[in-house]
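Sequence lines set the chain letters: A, B, ... in the order given, protein chains first and strands last, and positions in each chain run from 1. A quick note: this is a predicted structure, and the numbers were derived from the prediction, not measured.
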Amino acid sequence: MIGAVGAGLLGLLALSIPVGIVLFLLGFGVDTFFSSFPLSRGLGNMVWSSSNYATLIAIPFFVLLGEILVRSGVAGRTYAALDRWVSWLPGGLVHANIATATMFSATSGSSVATAATVATVAMPQAEKLGYDPKLFSGAIAAGGTLGIMIPPSINLIVYGFLTQSSIPQLFLAGLIPGLALALAFMAVTALICAVRPELGGQQRTFPLALMLRGLIDLAPILVLFGLIVGSIYRGWATPTEAAAVGVAGALLIAAFFRGLSLEMIRLSLLGTVKITAMIMLIVLGASFLNFTLASAGLGREINAFLEGLGLGPLGTILVVVVLYIVLGFFIETLSLMVVTIPIVVPIVLAQGYDPIWFGILMIVLVEMALITPPVGLNLYVVQGARKTGKIGEVMLGVIPFALIMLAMAFALIAFPQIALWLPGALN
Amino acid sequence: ETLAVVGSWSGLPLHKQYEAPFWSETLPAAVEGVEVELTTHDQMSLGLGDIYPLLGQGVYDVAMTVADYAVADAPELEGLDVPLIATTADEARAMVEAARPMVEDIYRDRFNSKVLAIAPYPPQVVFCNAEIAGLEDLEGLKVRASGRMTAKLLEALGAEGVNVSFSEVPGALQNGVVDCAVTGAGSGYSAGWWEVSTHLLPIPLGGWDSVVTAMNLDRWNSLSAEMQEAIQTAVTEEFEAPAWASAQTALVDDIACLTGNGDCPAGEARNMTLVEASEADATKAREILVGEVLPEWAERAGGDWAERWNASVGQVVGVTIE
Amino acid sequence: MEMIWIARLRRLNAGIAVATGAVLLACAAFVLIDIVLRGLGLPSLGGTEEIAGYVMAVATAWGMSYALLELGHVRIDLLRARGGARVRAALDVLSMAILSATVVFIAIKAWPVVERSITMGSRANTPLETPLAWAQVPWFAGWVWFAAMACLLTALSASLVLRGRLDEAEAAIGAFAEADTLK
Ligand code: NA
Ligand code: NA
């Protein structure tokens, strides 16, 4: 069944049918060929229930927050300031992409929203300065994935919900791996560009005074981060509600920099609705496909497969990693988590692993899923923002970063303390 | 005959201890010619309110979940599980048995389904991160609860109902977004709520969260009479009866685990303060139920449901809706 | 002729999108007021989580047509981009037709959900007791609207293609928008 779905997916996508629609069609296919039950009768209920879902409202809120920061010029100033600090590295502005993505990750719970924000700010620079489009856009797509690792994070909220583990603890656990990933992304960029300088555009240094003055431009984002994460830890807001706090904060910051106007709000709302609808068509299609796959016995297939292997803890976790990489090619991240958590987490916990730690490992793996073709939302978001060139360039550009994520997954398995030290130390 | 069966929450004891073994092993062994494909509604990511409507449409053959999830389509179903009026498993079972004919009618008419069993989830008790000495002290506190009748009852007690999803409760308790929260004692123990709350009020403020197992009516009618009887007997004797039999022990054990008063088979015992509900508490709760909450329900349910309830459940628990 | 209609549809759906966005913004304000009231120890508005769910469902449905007209729904053009103008036009019309058929099917299947809530008088299992039809009727209408827009756009662009006006067709239903709202 998994094979047939994979083949169908590739075929339909190649016809350039919209990705969300392809997922619906595959659901109809699973219903017709692999299920003895009239699953499509449940289509209306699935579409209603998967969109009438309060946690998802965080997506448009975080997208709107990003739009406001972009259109009020705050995001642009952040990008320029970070550029002054990191462009001396081999690779120049590519590092600013990663650094900006990291900072916005701290104010956004959604990787797609983060990637959309950074892509919008950064893309115009790439053409001006003559960067290799692959590496430049790949860095944005990959950097954007940090949105769900560095708190706040919608996906960690969903994980906490489904596994009944503490969301504030998960948030703490994601901080160090998130920052480590950001540093590793920059390191690999520097390495690539040291070997092949033509990929990275020019390295630039700025006078210290200019660098220090740039720090002021970072203040709004830091304030916003403090507001969002602070409101969660001080108990003012639940993690989902904090997204609304972020929108209010972004509006205040925009007003402070005199970037607020009716036209700017109108454009921000238009952008938000467009990106939200784009994401939701895929999320809804994925939910329906999940529903049909689960009804047709995907859970049993995975369960029987994992238990049939009869491996020890290490073997099991390695198989789980491979499983997520393979499923991650085809399944959108939230659906991937929702469909697998009830099956995989009990098996993993039974091997003695910590649920908080596994949550972080899973986030690294679904971050990879965001940038692996054919279904990789961040690839599309970045391509959507750049408008020229082929999406294949973005897909090639993310390869080094995907390898870093894989390395991070293994590092987490070898050294669980990367995730568990901070929550432990603060308790 | 292959039956597609959708179980309740895959992570909770009812599914792991009773549903999964019964449907995947006991039933196929007990009834010749029956095979089962078992999944759960969370693995299918079904909306909670969709589980029975989809059963009625024949998307699968058998489903089981908390009846409370279905009251959006059937307000009369709230009468199955009224909070606070049954404090022991035996009382809860008597209440459920009395309500059973009503439940069967509701499932036939609203969900095109045949009721096979009604099993208990653990009673929904109160965890507080605030000093309380009894039910009265909930007045003015922010309480997280699910279910309409519980929310109405809290309102009548002068508490404020707050909507927080289950996973966000520990953070919300710790930070004071809520002062108290209602869930099963066992779920609260395994989800670590004892870390963030101090007082435990072990009365079923959220009722017993009865789980109804039902089969699509068309499918049921398509089975031979012998098959129907064999399945019903197996469900009643091998699933429903054991689930009830262990309910009281489970409650005692779970409370011991949370408070340290007694042995905890599930792991390390914790030291929450056990708050005994006084006689005055019980009287007051009953007054509010009879005076406000149940009459409101009678109005929501409409028809002759209040009369039917009085003549069945009301008789057993000694409550009459005016 | 077709281009005039497509431009009209774009304007109309951009208006709807602004309204949809405004609803989202209002929802954020509502959540925020709730947080502030709670912080001040005042009784909260209650039901924000429930309402956020409804807003998400309705906003999603009504945002779809705008994303469609702005070429926002993600397509993979690895193969398409290798073809000539005729291949691209054929794939674009095929994609639009399949999308339209799927969305029409979704809209049809959405009706029983609403119908059930209306005939049963279903109310949310919450203190608000929201009649579910109040949320589901606008949600259903959004999918019907999306289906109607998709069919119209398919017909208009197929007509363009049949008359050989491939460039204009590509601007209407190609893989990427030329001018984007995100600047
Ligand atoms: Na984040
Ligand atoms: Na992927």
Practice task
Taking A/Arg41 for its side chain and B/Val59 for its backbone only, find out whether a donor-acceptor pair lies under 3.5 Å.
Solution key: no
Exercise for the section: State the OG-CD distance between A/Ser35 and B/Glu37, to the nearest 0.5 angstrom. Expected result: 8.0 Å
Handout entry: Which portion of B/Leu48 sits near chain A, non-hydrogen atoms under 4.5 angstrom
Key = neither
Practice task
For atom CG of B/Asn271, decide whether the heavy atoms of other residues, nucleotides or ligands shown that lie under 6.0 angstrom number more than 12.
Solution key: no
Exercise for the section: Could you grab the distance from atom CG of A/Leu39 to atom CG of B/Leu54, nearest 0.5 Å is fine? Expected result: 9.5 Å
Practice task
Return the option, out of A/Thr292, A/Asn52, A/Asn45, with the maximum number of heavy-atom pairs under 4.5 Å with chain B.
Solution key: A/Asn45
Exercise for the section: Could you check if a side-chain atom of A/Phe291 sits within less than 4.5 angstrom of a side-chain atom of B/Asp50, using non-hydrogen atoms only? Expected result: no
Completion exercise
Tightest non-hydrogen contact, residues B/Gly58 and A/Pro38, listed as O-CD, 3.3 Å
Problem - Part of B/Ala172 within contact of chain A (heavy atom distance under 4.5 Å) - result: neither
Exercise for the section: Would you give the length of the straight line joining atom OG of A/Ser287 to atom CG of B/Leu46, rounded to the nearest 0.5 angstrom? Expected result: 11.0 Å
